[in-house]
Every structure is written in C-alpha cells, then in structure tokens.
Amino acid sequence: MGEVVNLNRVRKDRARAERKAASAANRATHGRSKAERTRAEKEQSRADRLLDGSKLED
C-alpha cells in the first residue's frame with residue numbers, strides 16, 4: 001500500500017511554490033535601481049537597432 005497523501009497540503013504547497021516563483025520574477029523585474037533600468041533599456045534598444053539594421057530588404 002502506498003503512502004497516505006493529504007491532497008489539501010499538496011495543493012497548498014503547489015500554490016505556495018507558484019507564488020514564490022512569481023514573486024522572484026517580479027523582484028527581478030521591478031526591484032532594480034534607475035541606473036540598472038536605463039542600462040537595460042539602452043541595451044535593448046541597441047539590440048533592436050542592430051537587428052533592424054541586419055534585415056535583408058526584399
């Protein structure tokens with residue numbers, strides 16, 4: 001016979017893990033200084049310009 005599992009506990013543990021992952025993602029996105037945000041925006045715009053400049057015209 002297998003081990004007895006409390007389904008409510010499993011459900012709550014899964015929900016807790018999902019909330020923790022979402023919190024970590026939000027901290028990574030929103031928990032940055034202004035200098036870090038502007039640097040990331042500049043890097044993104046540079047990458048976009050590089051990609052747009054590399055496109056072949058039809």
Side-chain angles (χ1 to χ4, degrees):
M1 198 104 205
E3 184 179 342
V4 177
V5 177
N6 184 341
L7 297 179
N8 284 329
R9 174 58 47 201
V10 171
R11 179 182 51 81
K12 288 180 181 181
D13 288 342
R14 184 181 309 130
R16 186 175 296 118
E18 290 173 1
R19 285 194 311 266
K20 188 174 181 180
S23 296
N26 285 336
R27 281 193 304 271
T29 303
H30 300 290
R32 299 181 295 171
S33 67
K34 186 173 183 177
E36 291 173 332
R37 286 193 307 267
T38 56
R39 185 185 47 187
E41 290 171 4
K42 286 181 182 180
E43 288 175 359
Q44 184 63 40
S45 66
R46 181 181 180 278
D48 291 341
R49 282 194 317 267
L50 182 65
L51 181 64
D52 289 340
S54 300
K55 287 184 179 178
L56 297 176
E57 298 297 324
D58 288 343

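Keep in mind that this is a model prediction, so the values were computed, not measured.
Here the OG1-CZ distance, from Thr38 to Arg32, works out to 9.5 Å after rounding to the nearest 0.5 Å. For the atom pair NZ (Lys12) and CZ (Arg19), the distance works out to 10.0 Å, reported to the nearest 0.5 Å. Once rounded to the nearest 0.5 Å, the distance linking OG of Ser45 with CG of Leu50 reads 11.0 Å.
With sequence neighbours left out, the side-chain contact (heavy atoms from CB on, under 4.5 Å) criterion links Asn26 to His30. Scanning for side chain to side chain donor-acceptor pair (under 3.5 Å) contacts around Arg16 gives Asp13, with sequence neighbours left out. Every side chain to side chain donor-acceptor pair (under 3.5 Å) that Arg11 has, sequence neighbours left out, goes to Asn8.
Side-chain contact between Ser33 and Arg37: absent, with no pair of heavy atoms (C-beta onward) separated by less than 4.5 Å.
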